[in-house]
2 protein chains.
Amino acid sequence: MTEERGSSGGTGLPASIEAAWGLRARPVKGPKPGLSLARIVDAAVAVAASEGLGGVSMGRVAKDLGASTMSLYRYVSAKDELYVLMQEAAMGPPPPLPAPERGSGWREALARWACAQRRVFHRNLWMLRIPVSGPPVSPNSVAWWEQGLQALDDTGLDAGEKVSVILLVNGFVRNEALLMGDLAAAVAARGVPAQEVAAGHTRTLDRLVDPVRHPSLSRLLESGALGAPREPDDEFGFGLERVLDGIEALVQSRSRSHSPLRSRSRA
Amino acid sequence: MTEERGSSGGTGLPASIEAAWGLRARPVKGPKPGLSLARIVDAAVAVAASEGLGGVSMGRVAKDLGASTMSLYRYVSAKDELYVLMQEAAMGPPPPLPAPERGSGWREALARWACAQRRVFHRNLWMLRIPVSGPPVSPNSVAWWEQGLQALDDTGLDAGEKVSVILLVNGFVRNEALLMGDLAAAVAARGVPAQEVAAGHTRTLDRLVDPVRHPSLSRLLESGALGAPREPDDEFGFGLERVLDGIEALVQSRSRSHSPLRSRSRA
DNA sequence: CCCCTGCTGTGTGCGTCGTACGCAGAGCTG
DNA sequence: CAGCTCTGCGTACGACGCACACAGCAGGGG
């Protein structure tokens with residue numbers, strides 16, 4: 001509707017995000033800023049890392065910077081904008097892809113991509129609490145997407161399928177990290193750390209599960225598989241292998257028939 | 001540490017959740033309660049459905065019930081407890097499984113399970129905003145788990161693998177719904193509804209993506225696959241088919257070798 | 001029968017949050 | 001030097017979750 005101010009890049013993005021892309025030169029008129037976007041974002045990330053996303057309040061961040069609460073709003077127009085910038089900073093640039101072998105190198109590349117993403121998420125679990133508000137528009141997020149797409153370059157999938165595959169793998173990684181983060185937070189919230197919570201849960205389920213109404217769950221409880229859940233890394237690895245197997249089936253079906261047949265469109 | 005009050009079921013669960021299981025009889029001494037857990041939860045769910053989880057505040061729910069804010073705390077000891085009960089109510093009982101055909105009926109059953117879950121999530125997108133604090137302990141959640149496990153009864157997978165598969169499929173469904181919900185919320189937050197937002201995003205990306213640094217993404221943008229993304233249902237169906245294909249590969253590898261070989265434990 | 005006890009609803013108050021608004025002052029441009 | 005713009009900041013407002021204390025109802029023991 002209204003035109004952005006002079007230095008706008010015309011992207012329709014918030015000013016601070018355009019700044020992250022390197023567009024939008026600093027104004028030269030007024031006094032020099034005592035803070036900077038980078039310092040604010042770093043401080044916010046530090047707070048989030050030590051106290052979770054819930055600990056990030058404008059006042060808290062400002063205090064860590066020795067500034068007043070409202071001064072932050074000179075750099076960021078709303079808290080959600082700060083969130084996006086935090087995400088961008090914590091995500092960082094994606095690691096370089098391995099040597100692009102032609103053939104089935106895509107699986108290795110995609111697995112590495114997923115693992116790298118998982119490492120980032122696990123280092124910064126608070127990221128997953130931020131609602132996604134659309135496709136990625138910050139530089140690092142776009143770079144990650146680019147990496148994922150490059151991994152699929154030689155698969156023979158069409159553009160839409162590639163997007164769907166990226167979405168699928170990214171979603172799997174996000175969900176795993178989110179789940180583990182939630183669980184860790186719930187454990188940390190109680191005083192008693194670690195395995196005792198899991199033991200308590202199995203005891204609770206033992207008391208609640210009715211062998212008649214819940215036969216399979218009963219058998220599961222008896223098997224003890226819930227008491228000794230697999231390591232988080234193994235759980236992730238298991239899921240990733242399944243997902244990649246599923247993708248591989250698609251890739252092979254595409255490469256077998258050079259003229260791409262429409263697969264069944266009904267679920 | 002301290003013993004629960006008289007009517008406790010000894011599960012270690014909050015009182016309101018024990019009430020959901022039918023344990024814990026009402027006390028008989030005082031005046032009759034003017035509210036009920038069910039009425040409170042229903043009101044909260046109604047608020048969440050119309051204004052999102054963020055709109056659910058104790059004051060808001062109480063106002064809808066014509067009661068005061070603090071009266072709710074007679075029924076629920078904290079807001080998180082209300083969240084759990086809302087989840088329980090919105091989830092509802094799982095639909096019955098189809099006729100259990102021996103053989104590869106598991107795939108159909110698991111797909112139906114996933115679709116049913118997706119329908120619930122899409123009807124109540126606010127559910128996904130509630131952090132999971134551990135394994136499910138409310139009656140309906142447990143019933144859903146039971147259904148999922150029953151679908152895998154004849155797959156020959158061991159207990160741990162079944163849990164992992166359930167986690168994988170559930171995670172996929174959750175993530176898809178979460179993503180679609182976030183997107184819908186972001187679109188609704190802007191005034192302009194629907195496709196214009198997507199068009200704006202592609203325009204933004206067109207301006208930001210550098211063909212040299214982002215070759216694959218550039219090609220994707222040129223292909224127009226982002227401008228006309230597939231229907232949400234198709235996107236879900238695509239991902240689900242991949243996931244099920246991956247699980248099917250595992251099931252077949254298990255059924256081929258009757259003596260269960262350990263698959264590679266390293267990712 | 002009455003009072004006592006355990007339950008009910010609720011008003012007040014505290015601390016925290018995001019942020020709208022407006023002011024005092026800094027520093028470049030004329 | 002004047003004036004404009006941009007800076008940081010103090011104040012204020014309306015939410016929020018919930019601790020706490022109080023007033024009144026109902027059944028049970030004397």
Side-chain angles (χ1 to χ4, degrees), chain A residues 4-8 14-16 19 24-37 39-40 43-44 47-48 51-86 126 129-131 189, chain B residues 4-8 14-16 19 24-37 39-40 43-44 47-48 51-86 126 129-131 189:
Chain A
E4 288 281 329
R5 279 206 307 285
S7 49
S8 164
S16 55
R24 183 172 295 255
R26 254 214 356 97
V28 289
K29 283 293 286 285
K32 290 181 178 59
L35 267 44
S36 74
L37 254 185
R39 290 221 307 143
I40 292 174
V47 172
E51 307 175 30
L53 193 65
V56 177
S57 74
M58 302 305 266
R60 180 75 168 73
V61 173
K63 194 196 297 177
D64 283 11
L65 289 167
S68 84
T69 305
M70 292 313 292
S71 62
L72 303 194
Y73 283 96
R74 290 283 168 196
Y75 301 83
V76 163
S77 78
K79 205 193 183 187
D80 289 9
E81 229 173 275
L82 178 58
Y83 280 162
V84 174
L85 295 171
M86 289 170 65
W126 48 267
R129 294 257 163 275
I130 302 176
Chain B
E4 289 281 330
R5 279 205 307 283
S7 49
S8 163
S16 55
R24 185 172 294 258
R26 256 209 0 95
V28 289
K29 281 292 288 287
K32 289 178 181 58
L35 267 46
S36 73
L37 254 184
R39 290 220 308 144
I40 293 174
V47 172
E51 306 175 30
L53 193 64
V56 177
S57 74
M58 301 305 267
R60 179 75 168 75
V61 174
K63 195 195 297 178
D64 284 11
L65 289 167
S68 84
T69 305
M70 293 311 293
S71 63
L72 303 194
Y73 284 96
R74 289 285 167 196
Y75 300 83
V76 163
S77 78
K79 205 194 182 186
D80 289 8
E81 231 173 273
L82 178 58
Y83 280 161
V84 174
L85 295 171
M86 290 170 65
W126 49 266
R129 294 259 163 273
I130 302 176

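Proteins come first, then strands; the chains are lettered A, B, ... in the order of their sequence lines, and each starts at number 1. Note: hydrogens, waters and symmetry copies are ignored here, and every other heavy atom, side chains too, is used.
Partners of A/Ser77 by side-chain hydrogen bond (donor to acceptor under 3.5 Å, both in side chains), not counting sequence neighbours, listed by chain and number: A/Glu81. For A/Ala19, the side-chain contact (heavy atoms from CB on, under 4.5 Å) partners at least two apart in sequence or on another chain are A/Leu37. Residues passing the side-chain contact (heavy atoms from CB on, under 4.5 Å) test with B/Ala62 are B/Leu72, sequence neighbours excluded. For A/Tyr75, there are no side-chain hydrogen bond (donor to acceptor under 3.5 Å, both in side chains) partners at least two apart in sequence or on another chain. Scored by the side-chain contact (heavy atoms from CB on, under 4.5 Å) test, A/Thr69 finds A/Met58 as partners (sequence neighbours excluded). Residues satisfying the side-chain contact (heavy atoms from CB on, under 4.5 Å) criterion with A/Pro31, sequence neighbours excluded, are absent altogether. Partners of B/Tyr73 according to the side-chain hydrogen bond (donor to acceptor under 3.5 Å, both in side chains) rule, which considers only residues two or more places apart in sequence or in another chain, do not exist here. Applying the salt bridge (Lys or Arg N to Asp or Glu O under 4.0 Å) criterion to B/Arg39, with sequence neighbours excluded, gives no partner residue.
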Nucleotide-level pairing of DNA chain C, given in dot-bracket where Watson-Crick and G-U pairs need both distances under 3.5 Å and | marks other strands:
||||||||||||||||||||||||||||.|
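Pairs passing the salt bridge (charged side-chain N to carboxylate O under 4.0 Å, His left out) check and including a residue from residues 53-64 of chain A, sequence neighbours excluded, read A/Glu51-A/Arg60, A/Arg60-A/Asp64.
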Can you name the atoms? Protein N/O to nucleotides 8-14 of chain D N/O, anything below 3.5 Å, with the distance.
residue	atom	partner	partner atom	Å
D/dG8	OP1	A/Gly34	N	2.8
D/dG8	OP1	A/Leu35	N	3.3
D/dG8	OP1	A/Tyr75	OH	2.3
D/dG8	OP2	A/Tyr75	OH	3.3
D/dG8	N7	A/Arg74	NE	3.0
D/dG8	O6	A/Arg74	NH2	2.6
D/dC9	OP2	A/Ser68	N	3.2

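The interatomic distance linking B/Tyr73 (OH) with C/dT8 (C1') rounds to 18 Å, in whole Å. We find that CG of A/Leu82 is positioned 10 Å from P of C/dT19, with the value rounded to whole Å. Between the P atom of C/dC17 and the CG atom of A/Asp80 lies a distance of 16 Å, rounded to the nearest Å. What separates CG of A/Leu72 from P of C/dC21 is a distance of 19 Å, to the nearest Å.
At a non-hydrogen distance threshold of 4.0 Å, nothing from residues 55-65 of chain A comes into contact with DNA chain D.
OP1 or OP2 of D/dG17 sits under 4.0 Å from a side-chain N or O of B/Lys79.
Nearest heavy atoms, A/Val47 versus A/Gly55: CG1-O, 3.4 Å.
Here A/Met86 contributes atom CE and A/Leu53 contributes atom CG; the two are 5.5 Å apart, rounded to the nearest 0.5 Å.
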